[in-house]
Amino acid sequence: MLIHIRELFNHYDSSIAYPAFNTQNLETTLGIIQASNELDTPVIVATSEGTAAYAGLETIAAIVKTAACRSKAGVVLHFDHGKDIRHLERAIELGYSSVMIDHSHLPFEENARDTRRMVELAHAKGVWVQGEIGRMRGTEDWVSVSEAQALLTEPDDAFRFYWATGVDTLACSVGTVHGIIKMRGGVKPHVDIPRIRAIHDRVKIPLVLHGASGVDPDTIHLAIAGGISIINIDTELRMAFSNALRASAEIDPREIDPRRIMKPVAQAVKEVAMAKIRQFGGGRHRAAA
Ligand code: G3H
Ligand code: 13P
Ligand code: ZN
């Protein structure tokens with residue numbers, strides 16, 4: 001079933017973090033939801049402006065909502081890295097319970113002003129808003145952020161931003177990097193655990209770790225212990241998808257049934273999603289059963 005993001009935090013066990021997995025298509029969505037079912041752990045399924053441009057927001061939202069009907073553990077529909085408030089308003093109309101406004105490329109006051117406006121619009125409809133303070137390296141939607149511009153989140157700024165905006169969840173820049181670049185050795189991410197702790201001491205709402213593909217399990221564990229409650233994964237699912245697709249297409253070059261070609265692709269996504277859910281502390285209920 002589709003659930004509101006607030007349900008994740010009604011009885012939150014802070015030793016776990018919920019995964020926010022990006023999807024672009026049917027097979028990725030199926031893989032994520034099968035993983036969630038198998039481990040009896042709710043997941044956040046995220047779609048971006050790029051995916052809305054590719055598939056149509058109505059289409060991708062309908063795919064996630066319909067696939068969520070088969071979910072036992074619960075699926076939260078989230079809009080990731082929204083730059084344009086009109087897209088986020090449309091997402092709210094379509095049933096998203098969580099939207100991220102990412103105006104982190106703007107100066108503090110402008111980011112806070114736009115985020116506050118989004119919070120007012122979303123809260124009037126009972127929807128949660130994620131804001132971002134600080135800037136991350138890598139590629140965020142169409143905006144490239146060079147290393148020189150990178151700006152880690154100052155705990156005091158996070159506190160001021162939270163009070164100025166009323167956001168429900170907060171993305172912070174703590175050293176991770178978006179996209180494939182770090183998986184290919186282009187940049188070396190680190191995770192600044194003391195910074196996470198310092199932000200968590202000041203801001204008592206769920207903190208979100210973006211760019212978490214490729215972060216090792218020990219560091220993930222420390223980040224969760226430091227106060228991270230949501231962890232965003234896109235790149236590792238994309239890698240699983242693309243590698244499995246290439247392999248599957250090669251098995252029998254005469255195969256023309258898309259279902260036969262795509263089934264191992266959804267399975268590969270599912271396996272990575274399950275590994276992440278376990279790494280983030282989920283799946284214990286199922287393991288103990
Ligand atoms: O952090 C951003 C996500 O990986 C979304 O990427 O805009 O290419 O869909 P995208
Ligand atoms: P990765 O590119 O590391 O998977 O990060 C995804 C993300 O932050 C989506 O918002
Ligand atoms: Zn992100």
Side-chain angles (χ1 to χ4, degrees), residues 5 17-25 28-29 31-32 43-57 59-61 63-64 76-84 87-88 91 96 98-105 129-145 150-153 167 169-191 196 206-217 219-220 223 228-243 269 272-273 275-277 279-280:
I5 190 169
Y18 293 106
F21 293 122
N22 290 76
T23 187
Q24 301 83 23
N25 57 62
T28 299
T29 306
I32 295 166
V43 289
I44 299 167
V45 177
T47 70
S48 68
E49 285 182 345
T51 295
Y54 166 70
L57 187 61
T59 309
I60 193 70
I63 288 174
V64 178
V76 171
L77 184 54
H78 169 75
F79 197 107
D80 200 26
H81 291 289
K83 303 284 185 201
D84 184 334
H87 293 161
L88 298 178
Y96 285 65
S98 173
V99 295
M100 176 188 192
I101 173 161
D102 177 5
H103 281 192
S104 60
H105 54 292
V129 175
Q130 181 180 141
E132 178 167 338
I133 181 74
R135 297 192 68 180
M136 288 181 60
R137 285 180 294 171
T139 303
E140 282 187 355
D141 293 47
W142 299 282
V143 183
S144 273
V145 184
L151 194 62
L152 300 184
T153 305
V167 288
T169 60
L170 184 63
C172 296
S173 175
V174 293
T176 49
V177 175
H178 276 119
I180 190 70
I181 186 165
K182 77 256 183 173
M183 311 299 287
R184 295 182 173 152
V187 283
K188 199 171 160 34
H190 73 288
V191 183
I196 293 173
L207 299 180
V208 186
L209 183 66
H210 281 248
S213 288
V215 177
D216 66 89
T219 306
I220 288 289
I228 291 292
S229 306
I230 296 173
I231 301 182
N232 285 20
I233 299 287
D234 186 359
T235 298
E236 281 194 66
L237 295 189
R238 292 184 189 201
M239 290 168 74
F241 182 103
S242 312
N243 292 336
V269 170
V272 173
K276 292 297 171 188
I277 292 170
Q279 227 179 70
F280 303 167

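Remember, it's 1-based here, ligands and their atoms both numbered in the order they're listed.
- Atom 6 (O) of ligand 1 has its nearest heavy-atom neighbour, among Glu49, Arg238, Lys83, His178, in Arg238.
- When non-hydrogen atoms are compared, ligand 2 lies under 4.0 Å from neither the backbone nor the side chain of Thr176.
- Ile233 CD1 to Ile277 CD1: the interatomic distance, rounded to the nearest 0.5 Å, is 11.0 Å.
- In this structure, the protein non-hydrogen atom closest to atom 2 (O) of ligand 2 is Thr235 OG1, 2.6 Å.
- Judged by the shortest distance from any of its heavy atoms, Met100 lies outside the 4.0 Å radius around the atoms of ligand 1.
- Residues Gln130 and His78 come closest through the heavy atom pair NE2-CE1, 3.5 Å.
- Atom numbering of ligand 2 starts at 1 in the shown order; those under 4.0 Å from a heavy atom of His210 are 8 (O), 10 (O).
- Contact annotation: for Met136 versus ligand 1, there are no heavy atoms closer than 4.0 Å.
- In summary, the atoms of ligand 2 found under 4.0 Å from a heavy atom of Asn22, numbered by their order in the structure, are 9 (C).
- In Asp80, the part holding a heavy atom less than 4.0 Å from any atom of ligand 2 is the side chain.
- Heavy atoms of Thr235 found under 4.0 angstrom from ligand 1: none, in either backbone or side chain.
- The backbone N or O of Ile133 lies less than 3.5 Å from a partner atom in the side chain of Thr153, making a donor-acceptor pair.
- For Ser48, no heavy-atom contact with ligand 2 is shorter than 4.0 Å.
- At distances below 3.5 Å, not a single donor-acceptor pair connects side-chain atoms of Glu49 with backbone N or O atoms of His87.
- At a heavy-atom cutoff of 4.0 Å, ligand 1 is contacted by no atom of His210, backbone or side chain.
- For atom 8 (O) of ligand 2, the nearest protein heavy atom (residue, atom name, distance) is Gly211 N, 2.8 Å.
- Checked against a 3.5 angstrom limit, the closest N/O atoms of Asp234 and ligand 1 fall inside it.
- The two atoms that bring Ala212 and Ile231 nearest to each other are CB-CG2, 3.3 Å, heavy atoms only.
- Between Glu236 and ligand 2, no N or O atom pair is found at a separation short of 3.5 Å.
- Salt bridge annotation for Glu236-Lys276: present, with a cationic side-chain nitrogen under 4.0 angstrom from a carboxylate oxygen.
- The NE2 atom of His81 and the NE2 atom of His178 subtend an angle of 100° at the Zn ion (ligand 3), given to the nearest 10 degrees.
- Which parts of ligand 1 touch His81 is read off a 4.0 Å heavy-atom cut-off, strictly below it: atoms 1 (O), 2 (C).
- Between Ile233 and ligand 2, no N or O atom pair is found at a separation short of 3.5 Å.
- Across all their heavy atoms, Arg135 and Ser173 have their closest contact at O-OG, 2.6 Å.
- A distance-only check finds a donor-acceptor pair linking the side chain of Lys182 to the backbone of Val177 [under 3.5 Å].
- When each atom of ligand 2 is checked for a heavy atom of His81 under 4.0 Å away, the hits are 10 (O).
- Interface of Asn22 with ligand 1, defined as ligand atoms under 4.0 Å from a residue heavy atom, comprises 3 (C), 5 (C).
- In this structure, Phe21 and Val269 have side chains that are not in contact, with every pair of non-hydrogen atoms separated by 4.5 Å or more.
- Nearest heavy-atom pair, Phe79 versus Tyr96, reported as atom, atom and distance to 0.1 Å: N-CD2, 3.4 Å.
- The shortest non-hydrogen separation linking Val272 to Leu237 is CG1-CD2, 3.8 Å.
- Within the 4.0 Å heavy-atom shell around ligand 2 one finds Lys182.
- The N, O or S atom of His210 lying closest to the Zn ion (ligand 3) is ND1.
- Counting all heavy atoms, side chain and backbone alike, Thr176 lies closest to His210 at OG1-O, 2.7 Å.
- Side-chain atoms of Thr59 come within 3.5 Å of backbone N or O of Ala55 as a donor-acceptor pair.
- The ligand atoms of ligand 2 that sit less than 4.0 angstrom from a heavy atom of Gly179 are 2 (O).
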